Amino acid sequence: MAAEQGTTSHVYLGFDFSTQQLKVLAIDGNLDVVHQDNVQFDTELPEFRTQGGVHIHSDRLTVTSPVLMWVKALDLLLEKMRGAGFDFSRVRALSGSGQQHGSVYWKRGASETLSRLDPNQDLFHQLQNSYSVSDSPVWMDSSSKQQCQDLQAAAGGALRLSEITGSRAYERFTGNQISKVRQTRPEQYQETERISLVSSFAASLFLGLYAAIDYSDGSGMNLLDIRTRNWSEICLEATAPHLARLLGDPLPSTSVLGSVSSYFVDRYGFSESCRVVAFTGDNPASLAGMRLQPGDIAVSLGTSDTVFLWVQQPCPALEGHVFCNPVDWQAYMALLCFKNGSLTRERIRNQCAGGSWEAFSAALTNTVLGNNGNIGFYFDTMEITPPAIGIHRFDKDDNEVSSLSPEAEVRALVEGQFLSRRLHAERLGYSISKTWLYLSGRCSRDQGSGHWRSFM
Ligand SMILES: O=C(CO)[C@@H](O)[C@H](O)CF
């Protein structure tokens, strides 16, 4: 993708290490996009043999991604940019986001390697032996139920834990994943000198040293006290010994962490004065990037669907999450996460619309609002909100049925998904109907998303 030539004005880079791809966006001082590109993990890095960017293990609960795939994707993306003639010397600052809750385990000695990278070699080959855990747990994992129960017991129950960290214990949350690694892979845990989130791992690559975890993405760990913005001693103790040392101190999500490392200056021509701003989670980054204001509500349609909004005060509950706000460190953001998002929509598109979004949208146009009383719940994998699994279709008389016509199935999926998002949001007191609703995420550009708005 050719880079826009011409002006020598400063540009700003945003990287997104998401579930299925690594994306980069370059904007100028007017917020105009001057370059963008991406690396699709499944198709451009087939040697890692991922599906949807992950490995779903045989227990159907454990879900991981190879950390070196993310490293190699950054090598590939920067080479693509260089090949397109992108002028890295114009970059005044860079930041970005990562899929929330994923964890990266840096092996003893990795900080030395990170600080002395040879600009004549790529990151992938130099960091080959820098990770004590090669398959990073990611947000789609649902295998840490025991660790969740132990943490809730130590904190004084689910609601108490939610009061402290903004969420009851969730299997995908990083603290419970760290606890599982320590219990099931003690040698690898012993070999670990630093634990990052995907967001702070990405920032570390650009800094050439370990980057702090930011308040907002750190709120997705069941470890951070969202009022004091320090690690909760109760939660750290219940998770693993000496964990504070492995995590480092958290910082506001707007922190300037330092300058890009000499590796990127010498290899790609970045300016020595290019600043690295703290990376954060993909959903907090969406709230910031969409310039959401208190009272607005956003729906992100991606691998996971999320409903999130800016709130001034924490209102933790037994469902959903409260994170520290990425823009105003004294405010908060509320979020609901639905795991069966775009991958489920793609499955129904393939099965009921011949793999075509045009046919998918046509099916919505050809069927009536309310679908003649047919509705469905499509939890291909263990759902987060609510914690349920399986495909459940119902007819107008509330009888469970085993099938629907292809067009009725498409509408049953869309209406089921979006009425569910609205129901769970309103149950937490978020008024959907009387507010601005912003759509974001890969699927929000689909013309079918117009239909989806009508259910929210
Ligand atoms: O688990 C989630 C939010 O809590 C997901 O939206 C991930 O951030 C997707 F990457």
Side-chain angles (χ1 to χ4, degrees), residues 15-23 41 50 52-54 56 61 63-65 69-70 73 96-104 136-144 148 162 165-177 196-202 213-214 216-224 226 253 279-290 298-309 316-317 319-326 332-344 381-387 417 421 424-425 428 439-444:
F15 293 87
D16 181 26
F17 286 73
S18 65
T19 312
Q20 301 186 55
Q21 58 180 337
L22 169 59
K23 293 167 283 190
F41 300 141
T50 55
V54 300
I56 297 182
L61 295 175
V63 184
T64 61
S65 289
M69 176 179 75
W70 297 329
S97 57
Q99 54 176 292
Q100 287 189 260
H101 319 301
S103 45
V104 173
S136 282
V138 294
W139 68 274
M140 292 172 69
D141 186 286
S142 306
S143 68
S144 62
C148 287
S162 183
T165 69
S167 304
R168 67 167 171 79
Y170 279 88
E171 287 82 357
R172 70 189 193 283
F173 274 40
T174 323
N176 306 306
Q177 292 295 333
S196 298
L197 294 176
V198 175
S199 55
S200 55
F201 146 79
I213 289 172
D214 74 291
S216 199
D217 207 14
S219 307
M221 301 172 77
N222 276 149
L223 294 176
L224 188 77
I226 58 171
S253 309
F279 284 47
T280 189
D282 55 347
N283 294 293
S286 294
L287 180 137
M290 294 166 77
V299 177
S300 175
L301 302 175
T303 310
S304 69
D305 289 349
T306 56
V307 177
F308 55 87
L309 61 154
E319 183 173 77
H321 316 291
V322 176
F323 302 139
C324 296
N325 190 291
Y332 296 87
M333 73 177 277
L335 180 135
L336 281 166
C337 181
F338 302 86
K339 184 190 295 188
N340 293 279
S342 63
L343 296 177
T344 303
T381 56
M382 177 57 77
E383 181 50 71
I384 294 165
T385 311
Q417 283 193 333
R421 283 135 185 73
H424 286 279
L428 287 178
L439 277 183
S440 85
R442 254 172 337 115
C443 311
S444 60

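Here the structure is a predicted model, which means the values were calculated and not measured. Just so you know, ligand 1 is whichever comes first in the structure, and atom 1 is the first atom listed for that ligand.
- No close placement of the Y170 and H101 rings is indicated, their centers lying 6.0 Å or farther apart.
- Taking each of V198, N283, I384, T385 in turn, the one with a heavy atom nearest to atom 3 (C) of ligand 1 proves to be N283.
- Ring-plane geometry between F201 and F17 is classed as perpendicular, the angle between the planes exceeding 60 degrees on a 0 to 90 degree scale with a lower cut at 30.
- Listed for the S97 side chain is no donor-acceptor partner under 3.5 Å among the backbone atoms of G281.
- Listed by number with element, the atoms of ligand 1 under 4.0 Å from a non-hydrogen atom of L335 are 4 (O).
- Between F323 and H321, the angle of the ring planes stays under 30°, which puts this pair in the parallel group of the 30/60° scheme.
- In the candidate list K339, Q99, H101, Q100, H101 is nearest to atom 4 (O) of ligand 1, counting heavy atoms.
- With 3.5 Å as the limit, one finds a donor-acceptor pair spanning the side chains of Q20 and T303.
- Nearest to atom 6 (O) of ligand 1 by heavy atom, out of S304, S286, P284, C337, is S304.
- Looking at atom 9 (C) of ligand 1, its nearest protein heavy atom turns out to be D282 OD2, 3.3 Å.
- Per-residue contacts place T19 under 4.0 angstrom from the following atoms of ligand 1 (heavy atoms of the residue considered): 10 (F).
- The closest side-chain heavy-atom distance from E383 to F338 is below 4.5 Å.
- Applying the 4.0 Å criterion to heavy atoms of R172 picks out, from ligand 1, the atoms 1 (O), 2 (C), 3 (C), 4 (O).
- Within ligand 1, counting atoms from 1 as listed, the ones closer than 4.0 Å to a heavy atom of T306 are 6 (O).
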